[in-house]
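Worksheet: one structure, shown below.
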Number of protein chains: 2
Amino acid sequence: MSARLNPRPLARVPEPAVPHSRTPRAERKKLRILDAAAEVVARRGYAGATLAEIAAEAGTQAGSIYYHFESREALIEEVMRHGVGLSFAHTRACVERLPRSASPRTRLETAIRAHLEMMLAESGNARATSRLTGQIPPEMWQRVNAVMRAYGAYLDRLIAAAAAAGEIDPAIDRSAFRMLVIGAANWVPEWFRPNGRSSPGQLCDLLVRMAMEGVATRRRSRAAA
Amino acid sequence: MSARLNPRPLARVPEPAVPHSRTPRAERKKLRILDAAAEVVARRGYAGATLAEIAAEAGTQAGSIYYHFESREALIEEVMRHGVGLSFAHTRACVERLPRSASPRTRLETAIRAHLEMMLAESGNARATSRLTGQIPPEMWQRVNAVMRAYGAYLDRLIAAAAAAGEIDPAIDRSAFRMLVIGAANWVPEWFRPNGRSSPGQLCDLLVRMAMEGVATRRRSRAAA
DNA sequence: GTCTATAACCGGATAGAC
DNA sequence: GTCTATCCGGTTATAGAC
């Protein structure tokens, strides 16, 4: 059970077809299992996440999971779908909340910040998603990848708009830029501890700054670059 | 079996105590198993890497691994040690190869580039190392972490020197900066394909540029930031 | 809806032949 | 040094009680 993101209500992510469980009681339980699964996958990775540990985390028994999910694979696929959906929805919501007058650069910066915010707020789902990337079986990857690509394409449009407006260098490899920023953000839950020197907000500032302006000063010492 | 880094000979990483196998024949086999294990761990993660698959990749049988390694855990621990050692050694070698007159900023840029170069050149070992981070059992992590910390401390010194010289903003959280850059680099092997728009060299340029100067232009469109 | 029990399988580790 | 055979523990999935 991970802490939800504090202030802003998130746009609800549409879930794919639910097999059983019409009652709200069962629906809640299913969500709890999903959340527990994300946590365990984040801890143990794809192969290491056992139904027994997921069940314990969700306060139930391994066998009971099969009432809510067809198989272990189906459960994990939904964990991943849910995780990507959370990031996408939060990022899009934050960008769309901006005034129409916001510059493309501001939109892009907002998206980067939003992505990292979600990584920090939903660290179970977020870590699960990045852990699962490159580990799930090919057929599953193919299905989940559709959602991932949609998110990637959304970010790419923001980057392209900033480039078209001349606010970022139009010559950069935009897809590589996107993946470098996402990579930096996705690694954060692995090392960030709230007690450290920076707060989550400051960390978001630093990532945006790195991407946009870098940390270098104008000054150069005498030696050649 | 991963492609070694092309031109530059790497400083040899000192390996910890070798239990059996004095003969050069056995030593080669052991290295081959180590390399195979890195590849399989990169693919399957900590829990998913089976001895059978490692053995197949190394051209031997699961049982035979126990002649060279005490246990699966010992093997994986050495995979990780080896991986971190490769990065550390390569980065340090590249920085030390610079002329004495090189500025702190140049040293730092060289280190960032070197780290990413190694991620690309040794993608099996590199991916294995980042996959293993946060997945290995606590006692193992404690031992391996000593090496990781040494590498981190080395990078921190480079960052601190650049800050002291006024070449990067002394006010930034240096440890967070380091982890963001490392995160961006460590994610690269998951998505980079040599056929894409950028070459490995261009990707290194982009990461260094992001860290140092960012991709933004001076220009700002009318809207407020 | 959830539990317990169990079938079928798989992976790590060891023993002993060669 | 490497192989094959085997033991043991743990994992998914299902059956059936409640």
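Reminder, nothing fancy here: chain letters follow the sequence lines and each chain counts from 1.
The side chain of Gln61(B) approaches dC3(D) more closely than any other nucleotide in the set dC3(D), dT2(D), dC3(C). The side chain of Ala26(B) approaches dG1(D) more closely than any other nucleotide in the set dG1(D), dT2(D), dA13(C).
More than 12 heavy-atom neighbours from other residues, nucleotides or ligands sit within 6.0 angstrom of CZ on Arg197(B).
Taking atom CD1 on Ile54(B) and atom C1' on dG11(C), their separation rounds to 12 Å, with Å as the unit. Straight-line distance from the OH atom of Tyr66(A) to the P atom of dG1(C): 20 Å, rounded to whole Å. One interatomic measurement links the two molecules: CD of Glu27(B) to P of dG1(D), which rounds to 10 Å at whole-angstrom precision. In this structure, OH of Tyr67(B) is placed 16 Å from P of dT14(C), rounded to the nearest angstrom. Between the CZ atom of Arg28(A) and the P atom of dG1(C) there is a distance of 11 Å, given to the nearest Å.
Between Ile33(A) and Ile54(A), the shortest heavy-atom contact is O-CG2, 4.0 Å.
Ser64(A) comes within 4.0 angstrom of a base, heavy atoms only. Among the atoms of the strands shown, none is found under 4.0 Å from any heavy atom of Ala58(A).
A cation-pi arrangement is found for Arg72(A) relative to Tyr46(A), the charged atom lying closer than 6.0 Å to the ring centre and inside a 45° cone about the ring normal.
Between Thr60(A) and dC3(C) there is a side-chain polar atom (N or O) within less than 4.0 angstrom of OP1 or OP2.
A salt bridge between Glu190(A) and Arg131(A) is present, with a side-chain N of the basic residue lying under 4.0 Å from a carboxylate O of the acidic one.
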